[in-house]
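Encoded as structure tokens, the structure appears first; notes follow it.
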Amino acid sequence: MSDAAVTAVIDALEAVGGHDCARFVGGAVRNTLMGLDVADVDIATTLTPQATIAALEAAKIRVVPTGVEHGTVTAICNRTPYEITTLRRDVETDGRRAVVAFTTNWAEDAQRRDFRLNALYADRTGMIYDYVGGGVDDALEGRIVFVGEPETRIREDYLRILRFFRFFAWYGDGAPDPEGLDACKRLKDGVARLSAERVSKELLRLLEAPDPTGAMFFMAASGVLAVAVPAAVDLDRCNAMVGIDPDPELRLSALLPDDPKAVVRVAEALRLSTAQRDRLEAAAQDIALDLTPQAARAAIYRMGVQTFSDRVKRAWARTPDAEAQAQSLLDLAAQWTRPTFSLGGEDVMALGVAKGPEIGRLLRETEDWWIANDFPAEGLREKLASLAKDAHA
């Protein structure tokens, strides 16, 4: 609250809207109460989006109209973004998106938010406003409780089902709120109405939590996971991966089957990026954890460090007792410098081989020999010459 950039933004808004026209809201307030780091600072204001833009421009603060139709603009001050949203009330909802009207009533804005611990506001002096009640206690005690009637909140936007489990993974303590969990279970089919991009974003953010195992258990038990992820899942392996690697994509990989085609279907259903899809597909194959160092180097050379490491970690998650073997392979992958195959088509043609598929074949056979012999520094050209000679014999 005392940061120079934050102060400049609040000053700019109050210069137009008067004292207390802008308050911190949501995660910044919640995390401060919970003693957690604050990654993003969001601000709510009674100013309209147009007045907000004018106020920021008058203070020579860069402003980006990121979602003006929904009341949101982004101020960029000292290279830090601050999302500023006009107070709103819902006019119409369809389970995926809402038509909103702007308001100057803080309580109306609070009533349309998802969970009580996210419906907290704080002014620049640190005074906290809890219009729906229970939000401060929820934050202090780790409870994820819907604002008002859970079913009503969910029917406004079915993404709140996934957010219920995601926020429980990050901020929950003990068991989930029973009324909220029951509503998520009853309305789980609404998740299928959401865009794949929204589902995958929430799923990966959930899996990114320090320990998402409890949330994943309740998500699976309620049937929500089966709607969100169209595949047979391995929750035990996913849970084991939580103790191995914090990477949410790798945790998702551990959740999915050992079937590259099935994994691709899931990745496409979730509209993951091409890079994410390719990584999950490459990882979805078994690897032995008793590889010799020479065999491990050959595998690393052929598949690359990331795919090799991903497969080793998935195998480790399936067999927790193999930690020593897995860690040895991971250390080798991290420390070994992959050598470069130094021959090319010109080297083959210098031996009298004409342009054509024979060049590729000879290079592949030479490289295979080099890999099988653990990448010797000498003898490559001699082996190529020998293969070329045999081909012309």
Side-chain angles (χ1 to χ4, degrees), residues 9-10 12-30 40-59 61 63-75 81-124 127-135 145-164 167 180 183 187 190 193-195 197-198 201-202:
V9 171
I10 299 293
L13 298 175
E14 290 191 345
V16 171
H19 173 69
D20 199 30
C21 74
R23 296 176 183 172
F24 304 102
V25 65
V29 184
R30 176 197 65 228
D40 301 305
V41 175
D42 294 335
I43 297 169
T45 182
T46 56
L47 295 175
T48 65
Q50 292 73 22
T52 299
I53 292 171
L56 294 168
E57 290 179 341
I61 295 174
V63 57
V64 180
T66 44
V68 172
E69 67 277 13
H70 298 294
T72 301
V73 303
T74 300
Y82 300 95
E83 194 171 271
I84 305 169
T85 303
T86 301
L87 302 186
R88 299 171 292 181
R89 59 182 175 82
D90 288 337
V91 174
E92 181 182 337
T93 60
D94 65 2
R96 296 183 63 182
R97 60 186 68 83
V99 176
V100 300
F102 302 135
T103 181
T104 57
N105 188 310
W106 295 95
E108 275 191 320
D109 187 77
Q111 288 294 334
R112 70 175 302 277
R113 294 182 180 270
D114 50 10
F115 309 115
R116 298 189 314 198
L117 81 175
N118 289 340
L120 298 173
Y121 305 78
D123 63 25
R124 66 192 306 169
M127 174 70 72
I128 294 176
Y129 301 84
D130 185 358
Y131 293 101
V132 301
V145 182
F146 282 98
V147 172
E149 172 59 42
E151 181 170 337
T152 300
R153 293 286 82 77
I154 290 172
R155 289 191 184 279
E156 290 170 348
D157 185 352
Y158 287 105
L159 189 70
R160 287 171 175 167
I161 293 176
L162 300 180
R163 286 172 62 83
F164 178 81
F167 277 90
L187 301 173
R193 298 175 56 183
L194 300 169
S195 71
E197 292 85 353
R198 296 181 82 197
K201 182 178 179 181
E202 284 297 322

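No experiment lies behind these values; they were computed from the predicted model shown.
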If you compare all heavy atoms of [X] against all heavy atoms of [Y], which two are closest, and at what distance to 0.1 Å?
X: Glu69; Y: Val100; result: O-CG2, 4.3 Å
X: Val9; Y: Tyr82; result: CG2-CD1, 4.0 Å
X: Val73; Y: Pro65; result: CG1-CA, 4.3 Å
X: Gly17; Y: Cys21; result: O-CB, 3.6 Å
X: Ala12; Y: Ala59; result: CB-CB, 3.5 Å
X: Arg116; Y: Gly133; result: CD-O, 3.2 Å

Next on the checklist: Using the rule given for side-chain contact (heavy atoms from CB on, under 4.5 Å), can you reason through Val63 versus Glu57, listing the C-alpha separation, both sets of side-chain angles and the distance that settles it, and then say yes or no?
Outcome noted: CA-CA 7 Å; Val63 57; Glu57 290 179 341; 3.8 Å; yes
Measure the [atom1]-[atom2] distance between [X] and [Y] for me, rounded to the nearest 0.5 Å.
X: Leu47; Y: Leu87; atom1: CG; atom2: CG; answer: 9.0 Å
X: Arg89; Y: Arg112; atom1: CZ; atom2: CZ; answer: 11.0 Å
X: Ile161; Y: Asp114; atom1: CD1; atom2: CG; answer: 12.5 Å
X: Arg23; Y: Ile128; atom1: CZ; atom2: CD1; answer: 12.0 Å
X: Ile43; Y: Ile84; atom1: CD1; atom2: CD1; answer: 5.0 Å
X: Ile61; Y: Thr52; atom1: CD1; atom2: OG1; answer: 11.5 Å

Next on the checklist: With a 6.0 Å cut-off on the ring centroids, do Tyr129 and Trp106 count as close?
Outcome noted: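 Aromatic pair excluded; centres sit 6.0 Å or further apart.
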Checklist entry - Excluding sequence neighbours, so at least two apart, what forms side-chain hydrogen bond (donor to acceptor under 3.5 Å, both in side chains) with Arg30? => result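 Here the qualifying residues are Asn118, Tyr171.
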Item to check | Pairing residues for Thr74 by the side-chain hydrogen bond (donor to acceptor under 3.5 Å, both in side chains) criterion, not counting sequence neighbours | outcome: Thr66
Side chain [X], main chain [Y], donor-acceptor under 3.5 Å:
X: Tyr121; Y: Ala110; result: yes
X: Gln111; Y: Val132; result: no
X: Arg153; Y: Val147; result: yes
X: Asp130; Y: Gly135; result: yes
X: Arg88; Y: His70; result: yes
X: Thr72; Y: Thr85; result: no

Checklist entry - Of Asp42, Val25, Asp40, Val41, which is the lone residue that meets side chain to side chain contact (heavy atoms under 4.5 Å, CB included) with Glu83? => result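 Single side chain to side chain contact (heavy atoms under 4.5 Å, CB included) partner of Glu83 among Asp42, Val25, Asp40, Val41: Asp42.
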Checklist entry - Between Arg198 and Asp157, is there a side-chain N and carboxylate O pair less than 4.0 Å apart? => result yes
Checklist entry - For the residue pair Phe164 and Phe146, does the interplanar ring angle fall in the parallel (under 30°), tilted (30 to 60°) or perpendicular (over 60°) class? => result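 Because their plane-to-plane angle is under 30°, the rings of Phe164 and Phe146 count as parallel.
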Next on the checklist: Is it true that, when you exclude Asn105 itself, more than 12 heavy atoms of the residues, nucleotides or ligands shown sit nearer than 6.0 Å to its CG?
Outcome noted: yes
Next on the checklist: So, using salt bridge (charged side-chain N to carboxylate O under 4.0 Å, His left out) as the criterion, who are the partners of Glu108 when residues are at least two apart?
Outcome noted: none
